[in-house]
Amino acid sequence: MGKKDISMQLLEKEFNTLNPEQRQAALHREGPLLVLAGAGSGKTKVVAIRIAHLINTGIDPKNILGLTFTNKAAQEMKERVNRFVGKDIIVSTFHSLGARILREAIHYLGYTPQFAIYDEDDVEKLLKTIAKEAFPAEVKFDVKKARTAISANKNALGQHEDKEYDQFYQLYIKKLKECNAVDFDDLLFLPVTLFRDFPDLLAYYQNRWNYLLVDEYQDTNMVQYEFVRLLVAKSQNLFVVGDPDQSIYSWRGANIRNILHFENDYPGAQIVRLEQNYRSTETILQAANAVIQNNTQRFKKSLWCSRGEGEKINVYTAQTERDEAEFVANTITHLQSVHDIPLNEVVIFYRTNFQSRAFEDQLIAKRIPYTIVGGISFYHRKEIKDILSFLRLLEHPNDLIAFLRVVNLPKRGFGEQFLAKVVGAARNANVSLLDLFTAPSPFAMSAKQKEGWQDFAQILAMLKEAKASKSLSELVRAAIMETKYLEVINADTETRQEKRENLAELIVKAEEWEQSQAAPSLTKFLEEIALVTSTDDLDTTELRVSLMTAHNGKGLEFQAVFLVGIEEELFPHVNSKKSEEDVEEERRLFYVGITRAKKILYICHASFRHLWGTLRHMRPSRFLYEIPAEFRKKTNLYSSYY
DNA sequence: ACCAGGCTTCTTTTT
DNA sequence: GAAGCCTGGT
């Protein structure tokens, strides 16, 4: 029996397990369809079977495009489809698809295809540079507010103009372009611009991908909505999956309207509701239903299941965050030994990243292996970004931010004023920042600066040569070993060991990546790094407890879930308490947390908590009391088990 | 230009 | 309670 027959059999077997609604969605072929998929209702399976079915009935896999928000979700969808039909479809995150389109077409807008992708760090630095240049020192300029305004404007396709920042916005766009760089928002904003301004280009992409599928549709913002609308305008073959109750990204511009008005936006659209939950116990599900019913702005929906009642939800009242963490660590050990729950089936969800610390301390003390998802990722570490900046500079000789990052490492006597002159000189001579160093300095310098100039010029020449003649991983190695960067690291006795290890790890990652690619290139490498998403490195097969924010938990499931810090001001967060709408979003987030649990759910809150360095009294969250008392019970590990 | 030491701000959530 | 920002002395 061939491989193909085996996957066909597998597909048929899986198809037979579907309930009627799931079947209806899985058999859908042409035209717009909205699947309202409640938590744990088997949507991934339905999506995969539907695509497999399309392929088996003659659609070329090349014409099918899946869009997700994280690389992990993309990978998972791709693998599932492959298992059924042995063929690969294109599944991509919105942002990497945007990057891909821009690599092919950004020259229409006057950039070169090697454009850099600036992360939040880079953007903030650029904004500060601009603010310094454009505004006199006495004008206090709030860079953060400007950043928010700019992002909101791009995400709303220019509809969200903020007069106060308009001039600044224009400057920012101009500067970015000078650097041949785009920000995250541009990865979608610019493709939409291209689609609108160049109908031929749009037509090309419409033909290339004429079966579109969008996951987590409730989290799409205006740009993403428009991007999708334009792509399917001709074929109308749009299959979207989402759950309004799990919409948790409105602060990033997500617009729940997109899912609520799907029928109006796509006339003749079919709607399928998946309300049977295959994940959680009845207790957990009823608790979740009860909580979410407190939201006024929602589609009525009620999940049901047949998994049995299960255990009650455990509520623990801790003294402090330390006590809370100790309780969780002890309970995890208990779950492992008494209930046979492996560590990779346990997760700790918190509202804000800083809360992870107390848990780390306790898990280390109890020798329980763990992984933190999100937080400061590997590629955002200072030493990693420094090295990557050397590489970026090779790729983008006018990348101002990368240049400013490395030009004075180690110290070469280049201060702020001096560097302003350097940047000006490059502009006047109409050469790139990088090329400026191929000639002697055009102005007077101190002895140290003279030496520094030559030194940096030599390093750049060496790296250029390495880029031309060596493999990517060798180039990374050269950027670390032959740029005097180690001097910078060695200066700090406290952290140098850790930093060296991280740099060694970077070389390994480059080697691995290089080997996984058919045609590795520096551009691609840098792009992939820029678009890493926080859940990407989550390896659920390793026996480790996961720690993450509730936001990062979406799409995942665990046998045992700890929802911690369930206190007023923290969850719901203070900043959201001003408006009822925002509280409703917090509630949805809480709902997402609850519905991740298959069997066991713990809810913890502390009576006192250290916040901003002071001890504060905390009251239990309203969300806790929204779970009917019959479903919860107080727990105290110390009295019951010791 | 650079450092040390004091001051403030910060903690939502992320592609 | 840390990281980043400013300031003043070298």
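Below, each value reflects all heavy atoms present in this structure, side chains not excepted, and no hydrogens, waters or symmetry copies. Residue numbering restarts at 1 for every chain, and letters A, B, ... go by the order of the sequence lines.
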Practice problem: Mind calculating the distance between CG (A:Asp185) and C1' (B:dT14) to the nearest angstrom? | Solution: 11 Å
Self-check item: Position toward the 5' end of DNA chain B (nearest nucleotide), A:Gln449 or A:Thr549
Solution: A:Gln449
Exercise. Give one of base, sugar-phosphate or nothing for A:Phe94, where a contact means two heavy atoms less than 4.0 Å apart.
Key: nothing
Quiz item: In whole Å, what separates the C1' atom of C:dC6 from that of B:dT11?
Solution: 22 Å
Quiz item: Looking for any heavy atom pair under 4.0 Å, which part of the strands does A:Asn408 touch: base, sugar-phosphate only, or nothing?
Solution: sugar-phosphate
Quiz item: Counting any heavy atom closer than 4.0 Å, what does A:Glu585 reach on the DNA or RNA strands: base, sugar-phosphate only, or nothing?
Solution: nothing
Quiz item: CE of A:Met548 versus P of B:dT15: gap in Å, rounded?
Solution: 12 Å
Self-check item: For atom CZ of A:Arg357 and atom P of C:dA3, their distance in whole Å
Solution: 8 Å
Exercise. Check the distance between B:dC2's P and A:Leu409's CG and give it to me in whole angstrom.
Key: 11 Å
Quiz item: Within this structure, what is the CZ-to-P distance between A:Phe69 and B:dT15, rounded to whole angstrom?
Solution: 11 Å
Practice problem: Send over the distance from A:Gln218 CD to B:dT13 C1', rounded to a whole Å. | Solution: 15 Å
Quiz item: With nearest nucleotides of DNA chain B determined for A:Leu589 and A:Phe414 from heavy-atom distances, which residue corresponds to the more 5′ nucleotide?
Solution: A:Phe414
Quiz item: Mind checking whether A:Tyr118 and A:Asp399 have side chains closer than 4.5 Å, heavy atoms only?
Solution: yes
Quiz item: What is the distance, rounded to the nearest whole Å, between atom CG of A:Asp121 and atom P of B:dT14?
Solution: 15 Å
Exercise. Report yes if at least one side-chain N or O of A:Asn552 is closer than 4.0 Å to OP1 or OP2 of B:dT13; otherwise report no.
Key: no
Self-check item: Nucleotide B:dT13, atom P - distance to CD of A:Glu581 in whole Å
Solution: 21 Å
Quiz prompt | Side-chain touch A:Glu395/A:Arg392, heavy atoms, less than 4.5 angstrom | solution = no
Quiz item: Do NZ/NE/NH1/NH2 and the carboxylate oxygens of A:Lys43 and A:Asp243 come within less than 4.0 Å?
Solution: no
Self-check item: Candidate nucleotides B:dC3, B:dT15, B:dT13, ranked by approach to the side chain of A:Lys411 - the nearest
Solution: B:dC3
Exercise. Take nucleotides 4-12 of chain B nucleotide by nucleotide from the 5' end and write B, S or -, depending on whether a protein heavy atom sits under 4.0 Å from the base, only from the sugar-phosphate, or from neither.
Key: ------BBB
Quiz prompt | Non-hydrogen side-chain atoms of A:Ile529 and A:Leu388 separated by less than 4.5 Å | solution = yes
Exercise. Using a 4.0 Å heavy-atom cut-off across all strands, classify A:Lys382 as base, sugar-phosphate, or nothing.
Key: nothing
Self-check item: Results of side chain to side chain contact (heavy atoms under 4.5 Å, CB included) for A:Asn295 - residues two or more places apart only
Solution: A:Ile292, A:Arg298, A:Glu584, A:Arg587, A:Arg588
Quiz item: Going through the distances and angles, do A:Thr523 and A:Gln114 end up as a side chain to side chain donor-acceptor pair (under 3.5 Å)?
Solution: CA-CA 6 Å; A:Thr523 313; A:Gln114 290 83 18; 5.8 Å; no
Quiz item: Out of A:Arg351, A:Lys577, A:Arg619, which one pairs with A:Glu568 under the salt bridge (Lys or Arg N to Asp or Glu O under 4.0 Å) rule?
Solution: A:Lys577
